[in-house]
Amino acid sequence: MSQINAESPHTMNTYGRLPVAMSHGKGVRVWDVNGKCYLDALAGIAVNTLGHGHPKLVPALQEQVAKMIHCCNYYHIPDQEKLAAKLAELSGMTNVFFCSTGLEANEAAIKLARKFGHLKGISNPQIVVYEKAFHGRSIATLSATGNEKIQKGFEPLLGGFIRVPVNNIDALKSATHNNPDVAAVFFETIQGEGGINPMSTQYLREVRELCDQKDWLLMIDEVQCGMGRTGKWFAHQWAGIKPDVMPLAKGLGSGVPIGAVVAGPKAAHIFEPGNHGTTFGGNPLAMRAGVETIRIIEEDSLLQNAEILGNHFKEELTKELQDLRGVKEIRGFGLMIGIELEFPCSVIMGRALEAGLLLSVTADTVIRLVPPLIMNTAEANEVISILVPIIKSFLIEKESELKASEQEAFLQKASV
Ligand SMILES: *Cc1c(COP(=O)(O)O)cnc(C)c1O
């Protein structure tokens with residue numbers, strides 16, 4: 001392992017990086033600078049929808065780079081219109097604003113909700129947000145995030161948020177009871193960073209109904225769970241509902257930075273010229289990446305693949321792991337899978353890396369698998385065959401640690 005390549009003397013210390021440097025990838029495999037190969041079940045955190053070096057994506061992007069990378073939004077950008085129309089078709093919504101990241105998409109959603117409120121005469125509009133939510137790391141989006149670790153050190157937080165627990169319609173109703181300032185409800189269909197926590201179908205439908213009743217915007221952050229990952233274009237579509245505002249990013253451009261806020265009729269015309277903008281947003285390179293990503297997902301039936309392979313993953317992992325002490329739950333939709341253990345297990349990320357597998361651990365105790373949508377069954381089985389023994393030996397270790405500490409406690413008691 002080359003230490004030189006793993007050092008970061010000049011980048012800010014914002015990530016606890018693993019001691020490898022990545023070089024290149026092909027399909028669902030990635031190589032580090034020393035030539036070691038890894039199977040990719042992380043996809044750059046649900047970003048590399050088409051894996052690495054996709055034979056249909058690469059030539060399209062090469063052509064686009066040579067043609068035009070950026071021109072700014074003073075002009076019409078044909079692929080922006082094309083991608084917006086496609087996202088409208090897939091979501092059943094109508095208008096899109098483009099930006100470059102997930103937090104920017106959420107920032108735009110928050111601004112939409114506030115202006116929606118002001119247009120209705122609410123001078124202090126409030127947005128309902130959720131425990132364990134993750135919406136990004138700008139001041140507005142970290143304030144909406146439900147994780148004190150992410151907020152600590154950056155107070156004062158932005159006001160205007162009401163926080164409620166997930167999947168509890170009574171809690172939502174009582175937190176907003178007789179409050180005329182509520183303008184929107186904002187959540188992820190499946191919380192990603194919060195530990196792969198899906199909103200229930202029933203809850204999604206109940207919130208949609210409540211938002212209709214109260215004339216609130218329903219804003220669904222599909223930055224991580226959207227773009228086909230769950231086997232539908234957008235995870236909320238499993239519940240047969242439609243949001244009013246939907247931020248997207250991660251998987252939309254297969255690795256080219258891109259974000260989007262898709263809006264339905266209730267929110268599509270809130271912004272006027274001068275209300276919002278961003279220099280890079282919607283540039284020709286990012287738009288081409290989005291257009292081609294969607295085209296290839298359709299051509300190669302990757303939604304079906306995500307659903308079928310996701311079920312295969314869940315069945316196999318359940319078979320292998322569910323009876324083990326220390327395994328709490330295996331959950332998720334499609335290729336967004338969480339394995340929750342009883343113990344903090346971030347060490348598993350490093351152990352998997354050593355064994356040639358890329359994955360992550362989120363919310364301390366949840367092993368997260370979000371592989372590229374192009375993965376096949378043989379590759380999925382390979383992921384499972386590397387991961388299962390790592391989990392098993394980790395749990396055996398925890399078990400014996402537990403026994404040792406029980407024994408110590410017993411001996412201490414006995415000696416008193
Ligand atoms: C990753 C993520 C974000 C933030 O996206 P960035 O591109 O990192 O700013 C927001 N919401 C959800 C659900 C995410 O998973």
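Starting from 1, each residue takes its place in the sequence as its number. Just follow the structure's listing: the first ligand is 1, and inside any ligand the first atom is 1. Note that the structure is a prediction, hence the values are computed from the model and not measured.
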Problem - Flag side-chain contact, heavy atom, 4.5 Å: Met287 against Gln64 - result: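 No, their side chains stay 4.5 Å or more apart.
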Problem - Nearest-0.5 Å distance, CG of residue Leu87 to CG of residue Leu83 - result: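 Interatomic distance, Leu87 CG to Leu83 CG, rounded to 0.5 Å: 4.5 Å.
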List, for ligand 1, each N/O atom that has a protein N/O partner under 3.5 Å away, with both atom names and the distance.
unit_1: ligand 1; atom_1: 7 (O); unit_2: Gly102; atom_2: N; d: 2.8
unit_1: ligand 1; atom_1: 9 (O); unit_2: Leu103; atom_2: N; d: 2.8
unit_1: ligand 1; atom_1: 11 (N); unit_2: Phe134; atom_2: O; d: 3.3
unit_1: ligand 1; atom_1: 11 (N); unit_2: Asp221; atom_2: OD2; d: 2.8
unit_1: ligand 1; atom_1: 15 (O); unit_2: Gln224; atom_2: NE2; d: 2.7
unit_1: ligand 1; atom_1: 15 (O); unit_2: Lys250; atom_2: NZ; d: 2.7

Considering only distance and modelled atom types, tabulate donor-acceptor pairs under 3.5 Å from the side chains of residues 98-106, sequence neighbours left out.
unit_1: Thr101; atom_1: OG1; unit_2: Glu104; atom_2: N; d: 3.2
unit_1: Thr101; atom_1: OG1; unit_2: Glu104; atom_2: OE1; d: 3.3
unit_1: Glu104; atom_1: OE1; unit_2: Ser100; atom_2: N; d: 3.0
unit_1: Glu104; atom_1: OE1; unit_2: Thr101; atom_2: N; d: 3.2
unit_1: Glu104; atom_1: OE2; unit_2: Thr278; atom_2: OG1; d: 3.2
unit_1: Asn106; atom_1: ND2; unit_2: His135; atom_2: O; d: 2.9
unit_1: Asn106; atom_1: ND2; unit_2: Asp221; atom_2: OD2; d: 3.0

Using residues 334-346 as the side-chain source, report each donor-acceptor pair under 3.5 Å to any protein atom, sequence neighbours left out, with the distance given to one decimal.
unit_1: Glu340; atom_1: OE1; unit_2: Arg331; atom_2: NH1; d: 2.7
unit_1: Glu340; atom_1: OE1; unit_2: Arg331; atom_2: NH2; d: 3.2

Problem - Under the side chain to side chain contact (heavy atoms under 4.5 Å, CB included) test, residues paired with His24 that sit two or more places apart - result: Trp31
Problem - Arg351 with Glu354: basic N within carboxylate O range, under 4.0 Å - result: no
